[in-house]
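Both ligands and their constituent atoms are indexed starting at 1 by order of listing. Predicted model, so just to flag it, every value in this text is computed and none were measured.
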Amino acid sequence: MARADVRRRVTRLRTEIRRHDRLYYERARPEVSDAEYDALVRELRALEARHPGLVTPESPTRRPGGRPARAFAPVAHRVAMLSLDNAASAAELREFGARVARALPGARLAWVGEPKIDGLGVALLYRRGRFVRGATRGDGRVGEDVTANLAALRAVPKALRGRLARVEDLEVRGEAFMPRAAFERLNRALEAAREPVFANPRNAAAGSVRQKDAAVTAGRPLDVFLYEISHAPGLALASHWAALGALRRAGFRTNPLNRRLADLAQVIAYCERLARGRDGLEYDADGAVVKVDRLALQRRLGSTSHHPRWAVALKFRARQATTVVEGIHVQVGKTGILTPVATLRPVHLAGVVISSVTLHNEDEIRRKDVRVGDTVLLARAGDVIPHVVEVVRARRPRGARPFRFPRRCPACGGRAVRPPGAASWVCTSGACPAQREERLRHFGSRRAMAIDGLGEATVAALVARGLVRDFAGLYHLGVGEVRRLPGFARKSAENLVGAIAASRHRGLARLLGAVGMPGVGEHVARLLAARFGTLERLARASRAELARVRGIGPVLARSVAGWLADRGNRRVLARLAAAGVATREPRAPARGPLAGKTVVLTGALAGLTREAAEALVRRAGGRVSGAVSRRTDYVVVGAAPGSTLDTARRLGVAELDARAFARLVGPA
Ligand code: IVH
């Protein structure tokens with residue numbers, strides 16, 4: 001490298017490292033992993049070693065420790081806060097146990113198991129029971145002085161009780177963390193205040209402890225579990241388990257899931273139990289820590305420069321990872337909902353390889369501002385499907401453009417709409433192949449055209465063989481074609497074709513509910529049929545006329561008008577009419593025992609399904625309503641009625657029992 005290039009590179013590395021320091025220490029929003037950060041520092045060190053003339057006293061390499069504090073005064077830990085050695089499996093735990101046993105021939109070993117909380121390590125100093133200083137772990141040798149912030153936490157006692165209160169010079173250590181529920185609440189509040197949210201509880205805890213204003217820390221729901229007495233001259237304790245007891249009696253919190261374990265089999269069972277129960281914990285735990293219980297044995301084992309030899313962490317699988325968005329495409333669900341999906345550079349996460357992730361909907365993409373080319377932080381917790389936590393803005397390639405949601409369905413090219421108030425765009429085409437099966441299945445379902453024998457498998461087979469493309473296609477099926485489908489014989493084929501033919505006369509209300517207009521269920525379909533009477537009249541109705549129908553607002557009116565205006569949909573309706581499907585509503589009997597009456601059903605009526613009972617009410621000229629009000633004329637009371645009956649009695653509505661109802665409406 002030419003000298004000018006080296007100089008440029010050194011300057012650039014220093015700027016980058018300082019920026020990452022700020023992100024890490026002041027904002028608690030690291031953008032790179034520790035390994036990536038270390039690589040930057042290593043490269044800078046190497047360049048400075050080769051070109052000593054470029055070294056300046058301000059260089060990040062000149063400061064003690066790897067990641068020195070910037071916003072807080074540095075604190076040199078009297079006893080280094082070491083890391084933990086890792087075990088990835090039960091086998092590696094056994095190896096750890098064997099290693100310890102070899103180093104301590106003849107010793108009787110017992111263990112302590114603890115959850116490894118994913119927060120930030122803190123060291124608390126007490127003089128004769130008074131809290132005098134709190135520090136973060138930092139790089140293990142030098143941390144940051146966060147006394148004022150930790151003093152603001154309820155979880156840090158200011159005055160100790162019991163034996164520990166009498167220790168002249170006491171240092172204890174533990175993990176500060178934010179419970180998950182509190183983290184979610186904090187993020188919601190930050191979001192409402194339009195401030196950046198935290199990616200996980202760990203960052204939230206770190207960010208809260210490192211606040212410049214202790215009042216802000218005090219308002220953050222942080223907790224601290226203590227896990228070690230690291231310095232207590234004159235205090236005679238035999239075991240780590242006894243130390244945990246002493247901490248508790250002094251007024252600290254220790255993790256209630258800590259256990260004393262007699263042998264390795266118990267250790268392994270404990271770790272497995274914690275791993276399984278991880279999702280049920282109130283906080284994020286990234287592993288289990290196993291420690292030799294007797295302190296004398298811990299001392300004999302000693303430490304490497306990196307970790308104690310008397311402890312190991314069984315790491316659970318990581319649940320967050322970063323990767324690159326290689327594309328964003330839109331999938332059509334069977335109900336026409338358009339869902340954007342990001343294709344990813346494949347990445348390992350919590351035991352599976354992830355190569356795509358749903359982006360849910362247009363607003364979600366906009367909120368997170370996910371763009372093709374972005375590096376994203378993914379999370380996967382338990383059985384939850386993976387999701388994008390956030391975009392790593394610093395790694396956005398130049399020229400990455402915001403995603404624009406397509407206005408056409410990718411499966412059929414049909415018009416896509418986003419109904420007001422809805423989160424998703426939907427394809428409105430009744431002829432969309434992606435929705436064909438689902439639409440046909442709904443068309444034939446009991447509450448729609450009620451075609452017996454047109455089950456899911458049959459629909460799938462009809463579509464797969466290209467025998468049916470739209471609703472009308474059903475009415476052109478011949479017995480010969482149906483017979484060749486799997487599971488059919490002559491008789492069953494005749495039955496299905498007969499059931500399809502019989503469905504021609506269900507009437508307009510059923511037909512409107514069956515063809516799948518967005519927002520039109522059974523109830524709205526009946527309102528439309530009652531008002532317009534025939535499909536021809538409905539198709540001619542203006543948006544304003546539709547909106548005037550009682551129970552149909554302007555939003556629904558627009559959706560219905562839009563659907564009816566679609567060329568593809570009109571064609572399907574015309575084909576249905578041509579196939580002999582009734583497009584008018586048989587007049588509701590103006591007379592009949594329940595003419596003009598509103599009826600509410602509650603409880604089960606022997607021998608009648610809910611739909612059958614409703615049909616009887618309608619046949620008798622009545623209207624079925626879902627809820628009792630003063631305008632209800634009758635409540636029909638079956639077996640095990642719900643609270644509906646109480647309401648009805650309070651309002652003084654007339655009751656009909658099953659027998660009286662049957663007498664009134666006649667045989668089913
Ligand atoms: S013992 C010298 N116990 O894990 C060993 N550490 O990788 C001291 N941690 O920074 C650590 N829960 O902040 C220990 N029950 C636990 C822990 C725990 C979380 C953190 C600790 C440390 C890191 C070590």
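- Considering backbone and side-chain atoms alike, Ser83 places every N or O at 3.5 Å or more from each N or O of ligand 1.
- The Ile117 neighbourhood of ligand 1 comprises atoms 12 (N), 19 (C), with distances under 4.0 Å to a heavy atom of that residue.
- Between Glu228 and ligand 1, no N or O atom pair is found at a separation short of 3.5 Å.
- Within ligand 1, the atoms closer than 4.0 Å to a non-hydrogen atom of Gly121 are 13 (O), numbered from 1 in the order shown.
- Residue-level proximity to ligand 1 for Lys291 is carried by the side chain, the only part with a heavy atom below 4.0 angstrom.
- You'll find the side chain of Leu274 reaches within 4.5 Å of the side chain of Pro115, heavy atoms only.
- Within 6.0 Å of the NE2 atom in His348, the count of heavy atoms belonging to other residues, nucleotides or ligands does not exceed 12.
- Closest to atom 6 (N) of ligand 1, if we only count protein heavy atoms, is Tyr227 CZ, 3.5 Å.
- Arg137 CD, 3.2 Å is the protein heavy atom nearest to atom 10 (O) of ligand 1.
- A donor-acceptor pair shorter than 3.5 Å cannot be found between the side chains of Thr339 and Gln331.
- Taking only nitrogen or oxygen atoms, main chain and side chain alike, Trp310 does not reach within less than 3.5 Å of ligand 1.
- At the top of the distance list for atom 20 (C) of ligand 1, counting protein heavy atoms only, stands Glu175 OE1, 3.3 Å.
- At least one side-chain heavy atom of Asn255 sits under 4.5 Å from a side-chain heavy atom of Tyr283.
- When each atom of ligand 1 is checked for a heavy atom of Pro308 under 4.0 Å away, the hits are 2 (C), 5 (C).
- The protein atom (non-hydrogen) at minimum distance from atom 7 (O) of ligand 1 is Leu84 N, 3.5 Å.
- Side chains of His387 and Glu364: no donor on one and acceptor on the other come within 3.5 Å.
- The closest side-chain donor-acceptor pair between Ser83 and Arg137 falls under 3.5 angstrom.
- Residue-level proximity to ligand 1 for Lys116 is carried by backbone and side chain together, each with a heavy atom below 4.0 angstrom.
- At a 4.0 Å heavy-atom cut-off, ligand 1 touches Pro115 through the backbone alone.
- Considering Tyr126, Phe225, Phe131 as possible partners of Phe252, the one that fulfils the ring pair (Phe, Tyr, Trp, His ring centres under 6.0 Å) test is Tyr126.
- For atom 15 (N) of ligand 1, the closest non-hydrogen atom of the protein is Glu114 OE1, 2.7 Å.
- At a 3.5 angstrom cut-off on N or O pairs, Val289 does not count as close to ligand 1.
- Neither the backbone nor the side chain of Arg173 comes within contact range of ligand 1; no heavy atom lies under 4.0 Å.
- Each of Val6, Thr11, Leu47, Leu44 was evaluated against Leu54; a single residue qualifies, Val6, per the side-chain contact (heavy atoms from CB on, under 4.5 Å) test.
- Enclosure of atom CZ in Arg7 is not indicated, since only 12 or fewer non-hydrogen atoms of other residues, nucleotides or ligands lie within 6.0 angstrom.
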Salt bridge (Lys or Arg N to Asp or Glu O under 4.0 Å) between Arg45 and Glu48, worked out: CA-CA 5 Å; Arg45 279 227 174 85; Glu48 288 179 345; over 6 Å; no
